[in-house]
Undergrad: 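Sharing a structure below in structure tokens format, with a few things to ask.
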Amino acid sequence: VSRRKLVVDEIEKARSLKGYGKDDPLLPVVCGGTMMYIQWLVHGQPDAMRPSEEAVKEATAIMSKYKSDDDYQGAVDYVAKLGKPFAERVPTLCNGDWYRLGRTLE
């Protein structure tokens, strides 16, 4: 079973608890992980396409060049120059968030 499937199952369980009554004060609590779990619970599973294997390989190759030099800012500058959607996305990332920066390339 994939991690994604486990997350989806848990979100569906939590979503089914949202209709609790006044006599049954049950509150779903999401702990740990990232805000992704809360976003899924509130807004539903994202409808973004999964990247192709080729896109993942290309993004990994590009990021590895910057990672080997520990040049996060250089990687950010590279991604931001790829166009408006990229330039708008990179300032929203935490400094040093290699994972999300790489995902932006995918």
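The figures that follow rest on heavy atoms only: side chains count, while hydrogens, waters and symmetry mates do not.
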Undergrad: Listed by chain and number, what are the side-chain contact (heavy atoms from CB on, under 4.5 Å) partners of Ala59, not counting sequence neighbours?
TA: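 With sequence neighbours excluded, Ala59 shows a side-chain contact (heavy atoms from CB on, under 4.5 Å) to Leu105, Glu106, given in chain and number order.
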Undergrad: I'd like to know whether OH of Tyr78 has more than 12 heavy-atom contacts from other residues, nucleotides or ligands below 6.0 angstrom.
TA: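 Open: at most 12 neighbouring heavy atoms sit under 6.0 Å from OH of Tyr78.
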Undergrad: Between CG of Asn95 and CD of Gln73, what distance do you get to the nearest 0.5 Å?
TA: 7.5 Å
Undergrad: Taking all non-hydrogen atoms of both residues, which atom of Ala87 and which atom of Ala80 are closest, and how far apart?
TA: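 Closest pair (atom of Ala87, atom of Ala80, distance): CB-O, 3.5 Å.
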Undergrad: Using a strict cut-off of less than 4.0 Å between a Lys/Arg side-chain nitrogen and an Asp/Glu carboxylate oxygen, indicate whether Asp9 and Lys5 qualify as a salt bridge.
TA: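 Result for this pair is yes, salt bridge flagged.
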Undergrad: Do the rings of Trp98 and Tyr72 sit parallel, tilted or perpendicular, given the 30° and 60° boundaries?
TA: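 The arrangement is perpendicular - the two ring planes meet at more than 60°.
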Undergrad: Return the CG to OG1 distance between Leu93 and Thr104, rounded to the nearest 0.5 Å.
TA: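 Nearest 0.5 Å value for the CG-OG1 distance: 5.0 Å.
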Undergrad: Are there more than 12 heavy atoms of other residues, nucleotides or ligands under 6.0 Å from atom CD of Glu54?
TA: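 No - once you tally the heavy atoms of other residues, nucleotides and ligands closer than 6.0 Å, there are 12 at most.
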Undergrad: Look at atom CG of Asp70 and say whether more than 12 heavy atoms of other residues, nucleotides or ligands are closer to it than 6.0 Å.
TA: no
Undergrad: Rounded at 0.5 Å granularity, tell me how far SG in Cys94 sits from CG in Leu101.
TA: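 Result: 12.0 Å between the selected atoms.
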Undergrad: Of the non-hydrogen atoms in Tyr66 and Ile62, which two are nearest, and what is the gap between them?
TA: CD1-O, 3.3 Å
Undergrad: Which value, rounded to the nearest 0.5 Å, describes the distance between Lys67 atom NZ and Thr60 atom OG1?
TA: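 Going from NZ on Lys67 over to OG1 on Thr60, the span is 8.0 Å.
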Undergrad: Between Ala55 and Pro51, what is the shortest heavy-atom contact and its length?
TA: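 It is CB-CB, 4.4 Å.
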Undergrad: Between CE of Met63 and CD of Glu58, what distance do you get to the nearest 0.5 Å?
TA: 11.0 Å
